[in-house]
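Read through the structure below, which is laid out as structure tokens, and then see the notes.
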Amino acid sequence: MSTTTSPDAAYTKALLRHFADLRDGTHGEAVSRQDKETLFRSAIDLLDPYARQALGEVNDVLMLGQGTVESSGVGRSPDTGLICSWTLGWAEQRAAGIPPITIHAYYGRGFHHPHLRGGTVKEWPLNVFTPEQAAQELPILRAIASAEIHNLVFLADFTIVPSSKPGTTTSTR
């Protein structure tokens, strides 16, 4: 196993774009709030298939296909920023009275640029401007979904995960 990291890794490039935004006072090449909101809406269109894929993978393997993946679409957040949420809900989660696995993309009113976060885990940079950059976010979206289910198990217990119930035969190898 290699312990070195590539300076060209997608996540490090995304972080560099994020930090350049802060340095330059821009988001991509946008300066105005309106232009940044237009870029946010485009990023949501680019991310949508990957957010659905990440949650769909969790649904297929852990929830045994019993869950439902949904998207809120882009809307105004309580602080009048923009937000889009993708959720994976299932019967045991609802019965436990806990939130679904959630991936949020949001551009808060007072924020310089948008972010990704989970429902119970928080911030990741969101600087997506091309289809290639959106595809490179898939590992992050998978990480958010994985962290979400881990946190939700802490809020309830492992029996909220259908594939982990006693008597199931899901392979762990």
Side-chain angles (χ1 to χ4, degrees), residues 5-63 65 67-90 93 98-152:
T5 57
S6 168
D8 295 328
Y11 75 94
T12 56
K13 287 182 177 180
L15 287 168
L16 289 171
R17 289 192 301 271
H18 203 70
F19 299 145
D21 280 2
L22 295 171
R23 180 194 64 219
D24 301 339
T26 60
H27 175 58
E29 295 183 10
V31 176
S32 72
R33 175 77 193 190
Q34 183 178 11
D35 289 345
K36 291 177 182 179
E37 287 191 358
T38 299
L39 284 177
F40 178 81
R41 291 177 188 280
S42 294
I44 297 308
D45 290 340
L46 294 169
L47 280 175
D48 185 72
Y50 301 105
R52 290 178 185 277
Q53 181 179 341
L55 293 174
E57 290 167 356
V58 172
N59 184 41
D60 291 345
V61 176
L62 298 177
M63 308 312 163
T68 302
V69 175
E70 298 178 301
S71 171
S72 67
V74 176
R76 289 285 167 197
S77 62
D79 73 349
T80 71
L82 292 176
I83 190 166
C84 179
S85 301
W86 294 270
T87 59
L88 169 58
W90 67 104
Q93 164 261 318
I98 58 175
I101 296 173
T102 304
I103 299 170
H104 294 289
Y106 76 103
Y107 183 21
R109 171 52 63 191
F111 282 50
H112 176 70
H113 46 207
H115 292 85
L116 291 170
R117 69 178 182 198
T120 60
V121 294
K122 300 301 177 192
E123 323 298 336
W124 272 269
L126 174 54
N127 289 67
V128 171
F129 307 108
T130 69
E132 293 77 20
Q133 291 169 355
Q136 292 166 349
E137 291 296 315
L138 180 57
I140 298 298
L141 298 171
R142 286 177 172 145
I144 293 169
S146 297
E148 279 287 296
I149 188 61
H150 185 250
N151 283 347
L152 293 174

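Numbering of residues begins at 1 and proceeds along the displayed sequence.
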Rounded distance [0.5 Å steps], [atom1] in [X] versus [atom2] in [Y]:
X: L116; Y: I103; atom1: CG; atom2: CD1; answer: 8.0 Å
X: N151; Y: S146; atom1: CG; atom2: OG; answer: 11.0 Å
X: I44; Y: L126; atom1: CD1; atom2: CG; answer: 6.5 Å
X: I83; Y: R117; atom1: CD1; atom2: CZ; answer: 5.5 Å
X: T26; Y: R17; atom1: OG1; atom2: CZ; answer: 12.5 Å
X: I101; Y: T87; atom1: CD1; atom2: OG1; answer: 9.5 Å

Notebook entry, point to check: Is the shortest heavy-atom distance from the side chain of R41 to the side chain of Y107 under 4.5 Å?
Noted result: no
Checklist line | Side-chain heavy atoms of V74 within contact of C84, under 4.5 Å | finding: yes
Margin query: Just to verify, what does H27 make a ring-ring contact (aromatic ring centres under 6.0 Å, His included) with, not counting sequence neighbours?
Written below: F129
Note to self: If the condition is ring-ring contact (aromatic ring centres under 6.0 Å, His included), which residues does H112 pass it with, not counting sequence neighbours?
What the structure shows: none
Margin query: Test: ring pair (Phe, Tyr, Trp, His ring centres under 6.0 Å). Region: residues 32-53. Which pairs qualify, not counting sequence neighbours?
Written below: none
Considering residues at least two apart in sequence or located in another chain, which fulfil the side-chain hydrogen bond (donor to acceptor under 3.5 Å, both in side chains) criterion with [X]?
X: S85; answer: H104
X: R109; answer: T80
X: H18; answer: H113, H115, N127

Next item on the list: List for me each residue that meets side-chain contact (heavy atoms from CB on, under 4.5 Å) alongside D60, sequence neighbours excluded, and say none if there are none.
Entry: none
Note to self: Run the side-chain contact (heavy atoms from CB on, under 4.5 Å) test against T38 and tell me which residues pass, sequence neighbours left out.
What the structure shows: none
Nearest heavy-atom pair of [X] and [Y]: which atoms, and what distance?
X: A134; Y: L47; result: O-CD2, 4.1 Å
X: L141; Y: A51; result: CD1-N, 3.5 Å
X: D35; Y: A30; result: CB-CB, 3.7 Å
X: G118; Y: I144; result: CA-CG2, 3.6 Å
X: A145; Y: L55; result: CB-CD2, 3.9 Å
X: L138; Y: Q53; result: CD2-NE2, 3.6 Å

Note to self: Does anything in residues 134-144 form a side chain to side chain donor-acceptor pair (under 3.5 Å)? List the pairs, not counting sequence neighbours.
What the structure shows: E57-R142
Check: With D79, which residues qualify under salt bridge (Lys or Arg N to Asp or Glu O under 4.0 Å), at least two apart?
Finding: none
Notebook entry, point to check: Under the salt bridge (Lys or Arg N to Asp or Glu O under 4.0 Å) test, which residues partner R76, sequence neighbours left out?
Noted result: E37
Notebook entry, point to check: Can you tell me if Q93 uses its side chain to pair, donor with acceptor, with the backbone of I98 under 3.5 Å?
Noted result: yes
Item checked: Donor-acceptor contact below 3.5 Å, side chain E148 vs main chain T102 -> yes
Next item on the list: Scan for salt bridge (Lys or Arg N to Asp or Glu O under 4.0 Å) pairs involving residues 42-54, sequence neighbours excluded, and state none if there are none.
Entry: D48-R52
